[in-house]
Protein chains: 2
Amino acid sequence: MSKKERQQQLLQVIGGNPFVTDRELTRQLKVSIQTIRLDRMELGIPELRERMKQMAEHSYDQVRSLPADEVVGDIVDLQLDKSGISIFEIREDHVFSRNGIARGHYVFAQANSLAVAIINDEIALTASADIRFVRMVRLGEKCIAKAQVRSLAGRGGKAEVDVFTYVGEELVFQGHFIVYRSAVEEYSEGGNRSADRH
Amino acid sequence: MSKKERQQQLLQVIGGNPFVTDRELTRQLKVSIQTIRLDRMELGIPELRERMKQMAEHSYDQVRSLPADEVVGDIVDLQLDKSGISIFEIREDHVFSRNGIARGHYVFAQANSLAVAIINDEIALTASADIRFVRMVRLGEKCIAKAQVRSLAGRGGKAEVDVFTYVGEELVFQGHFIVYRSAVEEYSEGGNRSADRH
DNA sequence: ATGTTATTTAGAACCAGGTACTAATATGTA
DNA sequence: TACATATTAGTACCTGGTTCTAAATAACAT
């Protein structure tokens with residue numbers, strides 16, 4: 001068996017079972033452990049422990065990425081159909097554990113929540129958005145999102161809301177949201193709106 | 001600080017960051033490494049490597065047991081730098097209580113997480129996104145997000161990822177993500193990590 | 001065959017992050 | 001004071017490697 005063939009097989013075996021040790025590989029491929037290790041080097045395959053670590057980190061980040069908590073940002077100022085401000089502090093839960101940089105969807109969630117809350121209607125849902133993460137946000141930083149309604153189609157139409165999020169003076173995020181609004185009664189149980197928005 | 005208090009703190013610290021070594025724990029709890037180890041014994045907390053192994057096995061089992069029926073809120077298929085699938089079920093926490101419609105940022109979060117997870121680099125961050133909420137998603141519905149990498153600029157560049165989210169056959173969300181990627185070496189312990197993922 | 005290069009194997013030193021075990025030293029507490 | 005509990009110290013050992021040097025083997029052309 002040629003070197004290339006063997007390395008292909010190596011990729012296959014480790015692909016099929018990433019938890020295999022070099023010693024087990026020597027049995028399957030019938031070469032010395034040094035050869036296995038040289039092959040791993042050449043193929044850029046990390047050692048078993050590193051493979052497990054990466055899988056663990058990946059899945060750990062994954063778990064934390066499904067936001068479990070409801071409220072994203074405290075709305076400190078709200079003028080319905082006009083403007084609003086929300087504050088959101090980046091905590092451990094909101095960042096990648098590797099580097100302490102905030103996951104984008106938390107920054108988005110703050111802006112989205114604000115864009116929806118600002119609309120004075122029974123139902124307000126985001127229809128589409130065009131967003132840009134201007135700079136990374138880090139653990140401990142306080143994001144201040146400022147929203148402005150740009151246009152309001154009559155009842156049951158769409159609204160356009162711009163949101164700019166700052167850390168201090170610095171712009172970190174900007175988004176242009178199209179928000180559906182309708183006083184449609186299909187779901188409303190007649191209560192006054194706004195109470196359950198954040 | 002009493003033994004019980006310390007052990008409570010130990011549980012907390014390891015719970016908050018399972019990747020912590022005993023040595024780091026001595027710094028945080030201000031006791032000797034032997035005490036840390038005795039505490040771990042008593043509490044039945046395995047060593048760091050075992051913890052990582054268990055996490056890795058857990059996620060690996062989930063990935064390879066592609067049930068498509070029962071799994072909730074997780075990545076069920078992942079081909080780094082190519083494509084991925086994630087499933088997320090909308091529960092009470094994720095909807096407006098008034099009408100049972102999912103808040104947009106949860107749907108976005110699923111897509112964003114997937115778009116970032118799919119990128120095979122040390123650091124991957126969303127730079128910008130263009131998204132559309134095609135139809136409302138309701139309480140109890142299962143969102144299946146499918147991501148495809150459309151382009152990959154060389155190391156340290158940007159990647160474009162398209163994500164389409166379905167409930168059953170119906171498209172509910174679509175997004176075009178620009179994801180920053182960099183193999184910044186500050187954290188990398190060398191080696192590419194593509195070969196060992198299925 | 002001879003020299004040349006590539007490939008494979010061997011072996012020793014070292015590392016992280018532990019376990020297992022023994023023993024000494026606090027710190028209480030009855 | 002004596003005894004028990006808690007804490008610290010230290011050593012030997014383990015796994016699954018890395019790094020390095022060096023030798024043996026194979027492959028190939030001249």
Side-chain angles (χ1 to χ4, degrees), chain A residues 1-60 97-99, chain B residues 1-61 122 183 185-198:
Chain A
M1 188 193 299
S2 80
K3 188 178 174 179
K4 289 214 170 162
E5 286 175 315
R6 189 189 56 232
Q7 293 192 341
Q8 279 308 305
Q9 240 202 300
L10 189 75
L11 282 169
Q12 269 227 327
V13 174
I14 295 183
N17 174 22
F19 299 93
V20 70
T21 63
D22 286 0
R23 203 163 301 278
E24 281 173 48
L25 287 166
T26 65
R27 283 176 220 127
Q28 297 197 36
L29 303 196
K30 306 288 185 197
V31 286
S32 73
I33 203 161
Q34 284 80 0
T35 303
I36 297 290
R37 286 168 180 172
L38 284 172
D39 283 352
R40 270 201 301 102
M41 299 292 142
E42 284 184 28
L43 297 170
I45 301 172
E47 62 169 292
L48 168 60
R49 284 164 176 167
E50 189 59 27
R51 295 196 300 268
M52 294 196 302
K53 185 182 175 188
Q54 285 173 5
M55 281 190 275
E57 277 177 341
H58 215 85
S59 73
Y60 187 65
S97 53
R98 292 179 79 67
N99 50 33
Chain B
M1 188 191 300
S2 80
K3 189 178 173 178
K4 290 214 170 163
E5 286 176 316
R6 188 189 58 229
Q7 293 192 342
Q8 280 307 306
Q9 240 202 299
L10 190 75
L11 283 168
Q12 267 228 327
V13 174
I14 295 183
N17 174 20
F19 298 93
V20 68
T21 63
D22 285 358
R23 201 162 302 277
E24 281 172 48
L25 287 167
T26 65
R27 281 178 221 126
Q28 299 198 34
L29 303 197
K30 306 287 185 199
V31 286
S32 74
I33 204 161
Q34 284 80 359
T35 302
I36 296 291
R37 285 170 180 170
L38 284 173
D39 283 352
R40 270 202 300 101
M41 299 293 141
E42 284 183 30
L43 297 170
I45 300 172
E47 60 169 298
L48 168 60
R49 283 160 176 169
E50 190 56 34
R51 296 196 298 270
M52 294 195 302
K53 187 181 175 188
Q54 284 174 9
M55 283 189 273
E57 279 175 339
H58 185 74
S59 73
Y60 188 67
D61 286 350
E122 292 299 332
E185 306 311 328
E186 216 173 322
Y187 303 96
S188 94
E189 288 98 86
N192 109 16
R193 43 207 261 286
S194 64
D196 54 324
R197 294 285 168 52
H198 95 212

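Quick note on labels: first sequence line is chain A, next is B, and so on, each numbered from 1.
Here B/E47 lies in heavy-atom contact (under 4.0 Å) with sugar-phosphate atoms only. B/R51 comes within 4.0 angstrom of no nucleic acid atom, judged by non-hydrogen atoms across all strands. Within the nucleic acid shown, A/M41 comes within 4.0 Å of sugar-phosphate atoms alone, with no base atom in reach, counting heavy atoms only. Among the protein residues, B/R37 comes within range of the nucleic acid bases, having at least one heavy atom under 4.0 Å from a base atom. Nucleic acid contact class of A/I33 (heavy atoms, under 4.0 Å, all strands): none.
In summary, contact between chain A and DNA chain D, defined as any nucleotide atom under 4.0 Å from a heavy atom of the protein, begins and ends at D/dT15 to D/dT18 in the 5' to 3' direction.
The distance from the CD atom of B/Q9 to the CG atom of B/L25 is 10.0 Å, given to the nearest 0.5 Å.
Just one residue in the list A/K53, A/E57, A/R49, A/Q54 forms a side-chain contact (heavy atoms from CB on, under 4.5 Å) with B/M52, and that residue is A/K53.
Residue whose closest nucleotide on DNA chain D sits further toward the 5' end, between B/T35 and A/L48: B/T35.
Side-chain atoms of B/R49 and base atoms of C/dG18 include no donor and acceptor less than 3.5 Å apart.
The distance from atom NZ of A/K3 to atom P of C/dT9 is 12 Å, rounded to the nearest whole Å. Residue A/L38 contributes atom CG, which lies 13 Å from atom P of C/dA10 at whole-angstrom precision.
At a threshold of 4.0 Å, the pair A/E42-A/K3 counts as salt-bridged, since one of the basic side-chain nitrogens sits closer than that to a carboxylate oxygen.
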